[in-house]
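Below is one structure; the comments refer to it alone.
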Amino acid sequence: MSSLSILRYPDPRLNQVSRPVAVFDERLKTLVNDMAAAMYDAPGIGLAAPQVDVHEQSIVLDISEARNSLQVFINPEIITASAEKAPYDEGCLSVPGIYETVERPARVKVRAQDINGRHFEINAEGLLAVCIQHEIDHLKGFMFVDYLSPLKRSRIKNRMLKEEREQKRGKNKTSGKKR
Ligand code: QAP
Ligand code: CO
């Protein structure tokens, strides 16, 4: 079980801008380990720190079938993005049960730091490119639903708020009775 709980859309804390990580210490290792545990537990393929209410530029992802290839990106930046776009049916651990098609650059070059602060660059395409861009958006307070039309977004928001209300009622022993 994981100790971190994942914020759910439309929690306004998901719109906070994350600050860069400055210190690469034990605390950061613990955060990244806990984020990975929360992602595997969910299960998901990517998680950004603001989704667990930590507003620092830290991302974990694992797009492998075997779930044994954790990738960590601290202070990630997209250096170049292809003009060519590709669509993908995206979901998000903060918007459970919702999947919508989003178009993004098909290929990106990303510069980031590893858990020890060493800089590295990767060229990503396919699912990896989608996932990295999706997670970097979280660090800017931006969500995949923000690419959708206002109508679609408001429908998703209402669905999530309704689920939240129903979940709260379910937890209450007197649910179903007049209060
Ligand atoms: C972001 O998303 C992503 O709705 C990571 O009920 C998604 O791990 C990048 C999940 C798609 C690229 C493509 C979603 C789990 C997991 C749900 C996730 C759900 C349970 C989403
Ligand atoms: Co997400």
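Read the numbers this way: they start at 1 and go in the same order the structure lists the ligands and their atoms.
- Crowding of Glu125 atom CD: a count of heavy atoms from other residues, nucleotides or ligands under 6.0 Å not exceeding 12.
- Between His138 atom NE2 and His134 atom NE2, the angle centred on the Co ion (ligand 2) amounts to 100° (nearest 10°).
- Applying the 4.0 Å criterion to heavy atoms of Pro43 picks out, from ligand 1, the atoms 15 (C).
- Between atom CD of residue Glu84 and atom CD of residue Glu103 there is a gap of 10.5 Å, rounded to the nearest 0.5 Å.
- Note: Phe120 and Phe73 meet the aromatic proximity criterion, with ring centroids under 6.0 Å apart.
- By the 6.0 Å contact criterion, CD on Glu65 is open, its count of non-hydrogen atoms from other residues, nucleotides or ligands being 12 or less.
- Considering backbone and side-chain atoms alike, Ile45 places an N or O below 3.5 Å from some N or O of ligand 1.
- When the shell of 6.0 Å around CZ of Arg155 is examined, it contains 12 or fewer heavy atoms from other residues, nucleotides or ligands.
- Side-chain contact, Gln57 with Ser18: no donor N or O sits under 3.5 Å from an acceptor N or O.
- Proximity to Pro96 (heavy-atom distance under 4.0 Å) selects the following atoms of ligand 1: 4 (O), 6 (O), 17 (C).
- One side chain, Asp89 or Thr101, offers a donor N or O that lies under 3.5 Å from an acceptor on the other.
- Using a 4.0 Å cutoff on heavy atoms, Leu47 does not count as a contact of ligand 1.
- Note on ligand 1: Glu135 sits in its first shell, one or more heavy atoms being nearer than 4.0 Å.
- Between Glu90 and ligand 1, not a single N/O pair is under 3.5 Å apart.
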Quick one, Glu164 with Arg8, criterion salt bridge (Lys or Arg N to Asp or Glu O under 4.0 Å). Give me CA distance, side-chain angles, the key distance, then yes/no.
CA-CA 9 Å; Glu164 214 174 281; Arg8 287 167 66 118; 5.5 Å; no
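- Ligand 1 lies less than 4.0 angstrom from a heavy atom belonging to Cys92.
- Counted by atom type alone, His55 and Arg19 present zero donor-acceptor pairs between their side chains at under 3.5 Å.
- Looking only at protein heavy atoms, the nearest one to atom 19 (C) of ligand 1 is Tyr99 OH, 3.5 Å.
- Atoms of ligand 1 lying under 4.0 Å from at least one heavy atom of Val95, given by number and element, are 4 (O).
- Selection from Leu127, Leu93, Ile6 by nearest heavy atom to atom 10 (C) of ligand 1 gives Leu93.
- Selection from Gly91, Cys131, Gly97 by nearest heavy atom to atom 4 (O) of ligand 1 gives Gly97.
- For atom 12 (C) of ligand 1, the closest non-hydrogen atom on the protein side is Val130 CG1, 3.5 Å.
- Every atom of ligand 1 is numbered from 1 in the order shown, and the set under 4.0 Å from a heavy atom of Gly46 is 5 (C), 8 (O).
- Near Tyr88, meaning under 4.0 Å from one of its heavy atoms, ligand 1 places the atoms 13 (C).
- Rounded to the nearest 0.5 Å, atoms CG (Leu7) and OG (Ser94) are 6.0 Å apart.
- Ligand 1 has no atom lying under 4.0 Å from any heavy atom of Phe144.
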